[in-house]
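Some notes on the structure that comes next.
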Amino acid sequence: MVFTFNDTSLSSITSERLLRAMQSVYSVLCSLNLQDKVSITTAHSLAVLQTSYLPFACRFHPDLTPCLTAILNFHLKTGSPFLINAYPYFAYKANPKQVPLEFVLFQPNSGIVDPATNLHYDNMLFAQIDAVHFAVESLGFKDDAVCVQISETGWPSKGDTDEAEATPENAKKYNGNLINKLVCGKKGTPMRPNADLNIYVFALFNENMKSSPTSERNYGLFKPDDSSAYYIGFNSTGLLSTSSNTSTTPSSTGSSSSSSSSVPLGSSSSSGSTTSSTAVVVS
C-alpha cells in the first residue's frame, strides 16, 4: 500500500516504479507461459478513496487518479484483480456513536439505502466494496471489467482502553458472520450480486512484537504460542465451522514472536469449498 500519503510527487514516482515492477514480473511469466496461471497485482487501502460514503458518490483521490488508472489498465490487460484492504472496524472506531455495531458485525440491522441507486446495504464491508466498484467505474472501467477483491479484512480481539469493542467475541462475530454470509448466502454485493467475491481475512497469527496500538497486534486467529485467540474452527477440508467450542493446544515451543498471514475464508461462488488462486502481490 503505497498510496496513503499526500505527497503527489512521491505517489507519481512510486506508481511508475510499482507499475514497472508489475509489468516486469508479468513479462517473466509470459516468457514461461505462466501468465494464465499466476496473477500479478498489488494491494491498496481504502485511503485511495476521496470519500467512502455513500457508495455511489465515491471516487478516488484526484491526485491518485492517473496512477490508479494506469494500474487498472494493467489489470484489464492481464485479467488480474484490483485488491483493496477494507476494515469496517476502523470506521466504527472513528464514529462509534454514528455507526451501529450491528452494521459492521454482519448482525441484523435496518442498514442504509444509497439514495442515488436505491441499493440497500445491511453491512459496512459490502458498502465499502461497492464504493470501490463505483470509483473504478468512474474511471471508465465499466461492468466489472476489472475484478475487485478484498485482500485484507478482519477484527481485533484485543485493544487499548479506547478500543472497547476490540474483543474476542466481536472478532468471532465479524469473521464468523462474514464466512457464513459468503458460503451460505452465496451472493455478492448489492451492486454486483452475481459476481465472484473473494475475501481474505487478516491475519493467521497475532503480531505480538509489532510496535503499534494493541488492536494492531491482535488481528490473528491464533496467538504466538499456537493457541486460539478465539475459536472459529477449521475442519479437515479447510472450511470454517463455528459450531464447535474446541480450542487448540499451545505448542511445546511456546514461541514469543510470530509473523502474520492473510487467511482465505471463502468466496461467494464457492459450493462447499474454500477457493483461492495463485497470485503475486507487488508492494
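Hydrogens, waters and symmetry mates are skipped; everything else that's a heavy atom, side chains included, is used. If you're wondering where the values come from, they're calculated on a predicted model, not measured in any experiment.
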Within a strict 4.5 Å, meaning less than it, do heavy atoms of the Glu165 and Tyr92 side chains meet?
-> yes
Checking salt bridge (Lys or Arg N to Asp or Glu O under 4.0 Å) for the pair Asp122/Lys181: CA distance, chi angles, key distance, verdict?
-> CA-CA 11 Å; Asp122 60 10; Lys181 189 172 187 67; 3.6 Å; yes
State whether the side chain of Arg217 and the backbone N or O of Asn206 hold a donor-acceptor pair below 3.5 Å, judged by distance alone.
-> no
Using the test salt bridge (charged side-chain N to carboxylate O under 4.0 Å, His left out), find all partners of Arg59 that sit at least two apart in sequence or belong to another chain.
-> none
With salt bridge (Lys or Arg N to Asp or Glu O under 4.0 Å) as the test, would you mind laying out the steps for Glu137 and Arg192 before giving the verdict?
-> CA-CA 12 Å; Glu137 281 206 353; Arg192 294 283 187 269; 2.6 Å; yes
Are any side-chain N or O atoms of His61 and backbone N or O atoms of Val48, one a donor and one an acceptor, separated by less than 3.5 Å?
-> no
Give a yes or no on this: more than 12 heavy atoms of other residues, nucleotides or ligands lie within 6.0 Å of atom NZ of Lys210.
-> yes
Closest approach of Asp130 and His133, non-hydrogen atoms and distance?
-> OD1-ND1, 3.0 Å
Is there side-chain contact between Thr153 and Leu125, with heavy atoms separated by less than 4.5 Å?
-> yes
Verify the distance criterion only: is there a donor paired with an acceptor across the side chains of Tyr89 and Asn170 at less than 3.5 Å?
-> no
To the nearest 0.5 angstrom, please state how far the CG atom of Asp63 sits from the OG1 atom of Thr65.
-> 8.0 Å
For Asp226 and Phe222, indicate whether the former's side chain and the latter's backbone hold a donor-acceptor pair under 3.5 Å.
-> no
Quick one: does Glu216's side chain get under 4.5 Å of Pro156's, heavy atoms only?
-> no
Is it true that the side chains of Tyr26 and Gln35 contain a donor and an acceptor less than 3.5 Å apart?
-> no
Spacing of CE belonging to Met22 relative to OG1 belonging to Thr41, to within rounding of 0.5 Å | 5.5 Å
Any chance the side chains of Asn85 and Ser45 put a donor and an acceptor closer than 3.5 Å?
-> no
What is the distance from atom OG of Ser215 to atom NZ of Lys93, rounded to the nearest 0.5 Å?
-> 5.0 Å
Aromatic plane relationship, Tyr219 with Phe90 - under 30° parallel, 30 to 60° tilted, over 60° perpendicular = tilted
Show your working on ring-ring contact (aromatic ring centres under 6.0 Å, His included) between His44 and Phe82 and close with a plain yes or no.
-> CA-CA 8 Å; His44 310 277; Phe82 183 74; 4.8 Å; yes
Check whether any side-chain heavy atom of Pro115 sits under 4.5 Å from a side-chain heavy atom of Leu54, and report yes or no.
-> yes
Less than 4.5 Å apart, any side-chain heavy atom of Pro100 and any of Asn109?
-> no
Taking only residues two or more places apart in sequence, or in another chain, which ones meet Tyr174 in a ring-ring contact (aromatic ring centres under 6.0 Å, His included)?
-> Phe106, Trp155
Can you check whether Asn95's main-chain N or O pairs, donor with acceptor, with Gln98's side chain at less than 3.5 Å?
-> no
Knowing that exactly one of Leu105, Ile150, Val201 qualifies, which makes a side chain to side chain contact (heavy atoms under 4.5 Å, CB included) with Leu178?
-> Val201
Does the side chain of Ser80 come under 3.5 Å of the side chain of Thr78 through a donor N or O and an acceptor N or O?
-> yes
Would you say Ser227's side chain and Lys223's backbone share a donor-acceptor pair under 3.5 angstrom?
-> no
Answer yes or no: is there a side-chain heavy-atom contact under 4.5 Å between Pro190 and Phe126?
-> yes
